[in-house]
Amino acid sequence: MPDPATTPLPDTDRLRARADACLRRCGAVPGPDAGDLVARTPITGGVLRRLASSTPEQVTEAVGAAHRAFGVWRTTPAPVRGALVKRLGELLAEHHEDLAELITLEAGKIRTEARGEVQEMVDVCDFAVGLSRQLYGRTMPSERPGHRLSESWHPLGVVGVVSAFNFPAAVWSWNTAIALVCGDAVVWKPSELTPLTSMACAALLSEAAADVGAPTDVHRLVLGHRAVGEVLVADPRVALVSATGSVRMGREIGPRVAARFGRCLLELGGNNAVIVTPSADPDLAVRGIVFAAAGTAGQRCTTLRRVIVHEDIADVLVERLIRAYAELGIGDPFAETTLVGPLIRAASGEAMAAALDRARADGGDVLVGGERVPRPEAPDAVYVRPAIVRMPGQTEIVREETFAPILYLLTYRTFDQAIALNNGVPHGLSSGVFTRDHREAERFLAADGSDCGIANVNIGTSGAEIGGAFGGEKETGGGRESGSDAWRAYMRRATNTINYSDELPLAQGVDFG
Ligand code: NAD
């Protein structure tokens, strides 16, 4: 099989033509190829298109239009709102290949992962359509005779969605499909690194709205760097800010939204671990670890960054991991044999090199990888060999999230130590244990086990299904998106007490004459 590390990369002109064709087929009209916002492809580092960022006035206008559309949308029956999301799901499925291609072009994901991201969008639309008939409120027993106590869930308002480069489409769909059936309007500020994918998604949603007669302004797209996001999150008409990105971004947005008593749903960084115990199925563990650590070139929030392995089996596991890493095809994400595509930008390569230097200074031993894969024909592209570093302990660099494929290996003696290491980082997103010992599995999932929002058994840390609520604790931000009852974050709750008697008894037996 050809080695993608030595197969020539496609040239940027061809990639640009492919991006343009995908945009056109999705009904997105990009306008003149000029402006301050530069859409690049990490495959070559070349420019796909130049665009104009939204001005502050345009952001304010978009929020105003969405707010007006919300006035109509909130009283549209939820199952009718579901019809919009159903149509969106159909259009996303029809344009599966175009969207996957744009994701590969802009985010550098290999084909199967890009297609999986589109499938996730289709799946969440299906989920949201079903949900549109299940936005249940409860009825509680009233303590007063002739009274009924219940709660109802109402649309919240405009949801500002701020998203990261590494899931340029799926994170939008998790938020948007659910928000729309909940009766909210959405203004989306995608990553400045992936504007074209967002334009295609937004065009398909506009088409869906036209097809079912929904107000077009229930969804608006604004483009640009963080300054554009700052205007969006500051607007008091944005009732909920759902922001996905780095902890640094969450630290900035969280207090600003709180200061105006807005709601925030934060999906921030992760530093995810798996524990490998002596009873683990070694084949399962190796496959799970390699996909979670090297997949998406280490650029998922759920990427596996730490393996915590029992000291008795560490050498055997290391040997198998090194062998598996040697077989990873690294190169053009469009190539069939590639498993690891490019890093998103030069700064990611620099961050990886700096982290490896710090790990070495802490006594870490780089067992494999870490070096650049030279691509003389595309000097601006960054291809790296995923690294495994054996560490003497959980030092400061291990406790940080470096958004690149570095897997730190730590050893443990007792299961309590392993859990302490798993939890001993500021983040709390995803975690897993590979074990065939039922007691260890249950302990890991128990209240004093993993402190993460996602805790798996015999599965790696990445690749969540849309049916569950997705998100994490501590510096990951505490938000939950997608499945289960995550919809509640997109609605407001009203508690209703109805007196159908002729008396006016007060609660708690209060007598007021
Ligand atoms: P980033 O924080 O640089 O940017 C994310 C988005 O926030 C972008 O759209 C950016 O323009 C915007 N932004 C940044 N600062 C802002 C501010 N002050 N006000 C308003 N908007 C602002 O993140 P990135 O490099 O695109 O993505 C990688 C990070 O995202 C990693 O830390 C990763 O773990 C995290 N991530 C988390 C999840 C999750 O669900 N928990 C999912 C994907 C990515």
Side-chain angles (χ1 to χ4, degrees), residues 246-247 269-277 280 285-286 288-328 330 340 343 346-373 382-414 417-427 429-434 460-462 475:
S246 56
V247 173
N271 187 347
N272 317 293
V274 296
I275 298 170
V276 185
T277 74
V286 169
I289 289 169
V290 176
F291 171 66
T296 331
Q299 300 171 109
R300 285 194 190 208
C301 52
T302 50
T303 287
L304 177 63
R305 309 207 178 276
R306 299 173 294 139
V307 167
I308 302 162
V309 55
H310 191 277
E311 58 189 24
D312 289 353
I313 57 164
D315 290 340
V316 180
L317 183 75
V318 163
E319 196 197 315
R320 293 197 57 168
L321 287 175
I322 291 174
R323 259 190 283 139
Y325 267 50
E327 284 169 26
L328 292 171
I330 303 159
V340 179
L343 295 186
S348 308
E350 287 153 20
M352 178 167 177
L356 289 171
D357 284 346
R358 283 175 61 193
R360 283 191 199 95
D362 287 347
D365 183 8
V366 180
L367 302 172
V368 64
E371 65 274 23
R372 286 279 286 267
V373 178
V382 188
Y383 292 87
V384 293
R385 285 195 190 284
I388 302 177
V389 190
R390 196 164 181 161
M391 294 299 295
Q394 190 144 271
T395 62
E396 203 185 337
I397 185 62
V398 180
R399 297 176 70 250
E400 288 176 19
E401 180 196 48
T402 303
F403 217 56
I406 303 176
L407 181 63
Y408 297 108
L409 204 118
L410 305 157
T411 54
Y412 77 90
R413 170 122 292 273
T414 68
Q417 280 170 358
I419 288 180
L421 284 168
N422 179 76
N423 297 349
V425 294
H427 317 77
L429 182 52
S430 188
S431 60
V433 61
F434 282 92
T461 50
S462 67
E475 288 191 7

Colleague: Please check if the side chain of T402 supplies one atom and the backbone of A351 the other of a donor-acceptor pair under 3.5 Å.
Modeller: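 No.
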Colleague: Side chains of S462 and T296: does their closest heavy-atom pair fall under 4.5 Å?
Modeller: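 Counting from C-beta outward, S462 and T296 never come under 4.5 Å.
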Colleague: Do we see a donor-acceptor contact under 3.5 Å between the side chains of R399 and N271?
Modeller: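 No.
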Colleague: Looking at Q417 and T414, would you say the former's side chain and the latter's main chain have a donor-acceptor pair under 3.5 Å?
Modeller: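 The answer is yes, because a donor-acceptor pair under 3.5 Å joins these two groups.
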Colleague: With a 3.5 Å distance limit and no angle check, can you tell me whether N272 reaches the backbone of T303 through a side-chain donor-acceptor pair?
Modeller: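 Present.
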Colleague: Applying the side-chain contact (heavy atoms from CB on, under 4.5 Å) criterion to V290, which one of L304, L321, L407 satisfies it?
Modeller: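 Of the listed options, the one satisfying the test is L321.
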Colleague: Taking the side chain as everything from C-beta on, heavy atoms only, tell me whether V309 gets closer than 4.5 Å to Y412.
Modeller: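 In short, these two side chains do not touch, never coming nearer than 4.5 Å.
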Colleague: Listed by chain and number, what are the ring-ring contact (aromatic ring centres under 6.0 Å, His included) partners of F403, not counting sequence neighbours?
Modeller: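 Partners of F403 by the ring-ring contact (aromatic ring centres under 6.0 Å, His included) criterion, ordered by chain and then number, come out as F165.
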Colleague: Closest approach of G460 and A292, non-hydrogen atoms and distance?
Modeller: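 The pair with the smallest heavy-atom distance is CA-CB, 4.4 Å.
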Colleague: Which residues pass the side-chain contact (heavy atoms from CB on, under 4.5 Å) test with A387, not counting sequence neighbours?
Modeller: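 With neighbours one apart ignored, the set is M352, L356.
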Colleague: Does some side-chain heavy atom of S431 sit less than 4.5 Å from a side-chain heavy atom of N423?
Modeller: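 Heavy-atom side-chain distance check fails, nothing below 4.5 Å.
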Colleague: Provide the closest heavy-atom pair for A404 versus S348 in the form atom of the first, atom of the second, distance.
Modeller: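 In this case the closest contact between A404 and S348 is CB-O, 4.3 Å.
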Colleague: Who are the side chain to side chain donor-acceptor pair (under 3.5 Å) partners of R390, not counting sequence neighbours?
Modeller: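 Listed in chain order: D315.
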Colleague: Does any part of the side chain of V247, heavy atoms only, come nearer than 4.5 Å to the side chain of H427, both counted from C-beta?
Modeller: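 Side chain of H427 against side chain of V247, heavy atoms only: contact under 4.5 Å found.
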Colleague: Can you list the steps and then say if C301 with L429 is a side-chain contact (heavy atoms from CB on, under 4.5 Å)?
Modeller: CA-CA 8 Å; C301 52; L429 182 52; 3.7 Å; yes
Colleague: So, for P386 and I330, which heavy atoms are closest and what is the spacing to 0.1 Å?
Modeller: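 Where P386 meets I330 most closely, the heavy atoms are CD-CD1, 3.9 Å.
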Colleague: If we only count heavy atoms from C-beta on, is the L317 to V307 side-chain gap below 4.5 Å?
Modeller: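 The answer is yes, as the side chains (C-beta and beyond) meet within the 4.5 Å cut-off.
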Colleague: With side chains defined as the heavy atoms from C-beta onward, is the minimum distance between E475 and E401 less than 4.5 Å?
Modeller: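 Answer no - side chains too far apart.
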Colleague: If every non-hydrogen atom of A355 is compared with every non-hydrogen atom of Y408, which pair is closest and at what distance?
Modeller: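 The pair with the smallest heavy-atom distance is CB-OH, 4.0 Å.
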Colleague: Would you confirm whether T461, through its side chain, and T302, through its main-chain N or O, come within 3.5 Å as a donor-acceptor pair?
Modeller: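 It does hold such a pair.
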Colleague: Who pairs with R372 by side chain to side chain donor-acceptor pair (under 3.5 Å), at least two apart in sequence or on another chain?
Modeller: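 Checked R372 against side chain to side chain donor-acceptor pair (under 3.5 Å); zero matches.
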Colleague: Set out, in order, the CA-CA distance, both residues' side-chain angles and the distance that settles side-chain contact (heavy atoms from CB on, under 4.5 Å) for V425 and Q394, then state yes or no.
Modeller: CA-CA 9 Å; V425 294; Q394 190 144 271; 4.0 Å; yes
Colleague: Could you tell me which residues satisfy side-chain contact (heavy atoms from CB on, under 4.5 Å) with E311, sequence neighbours excluded, listed by chain and number?
Modeller: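 If we apply the side-chain contact (heavy atoms from CB on, under 4.5 Å) test to E311, skipping adjacent residues, the hits are T411, R413.
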Colleague: State whether R323 and E319 are salt-bridged, where the test is any N-O pair (Lys NZ or Arg NE/NH1/NH2 against Asp/Glu carboxylate O) under 4.0 Å.
Modeller: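 The answer is yes: the pair qualifies as a salt bridge.
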Colleague: Under a 3.5 Å distance rule, please check whether R306 uses its side chain to pair with a backbone N or O of L421 as donor and acceptor.
Modeller: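 The answer is yes, because a donor-acceptor pair under 3.5 Å joins these two groups.
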Colleague: Apply the test side-chain contact (heavy atoms from CB on, under 4.5 Å) to residues V366 and R360: give CA-CA distance (whole Å), side-chain angles for both, the deciding distance (0.1 Å), then the verdict.
Modeller: CA-CA 7 Å; V366 180; R360 283 191 199 95; 3.7 Å; yes
Colleague: Side chains of F434 and I275: does their closest heavy-atom pair fall under 4.5 Å?
Modeller: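 Contact flag for F434/I275 side chains = no.
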Colleague: Identify, with sequence neighbours excluded, every residue that meets side chain to side chain donor-acceptor pair (under 3.5 Å) alongside T395.
Modeller: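 T395 satisfies side chain to side chain donor-acceptor pair (under 3.5 Å) with D362 once adjacent residues are dropped.
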Colleague: Within a strict 4.5 Å, meaning less than it, do heavy atoms of the E371 and V384 side chains meet?
Modeller: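 The answer is no, as the side chains (C-beta and beyond) never meet within the 4.5 Å cut-off.
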Colleague: Assess the residue pair V276 and I308 against the criterion (side-chain contact (heavy atoms from CB on, under 4.5 Å)); give the C-alpha distance rounded to whole Å, side-chain angles, the decisive distance to 0.1 Å, and a yes or no.
Modeller: CA-CA 6 Å; V276 185; I308 302 162; over 6 Å; no
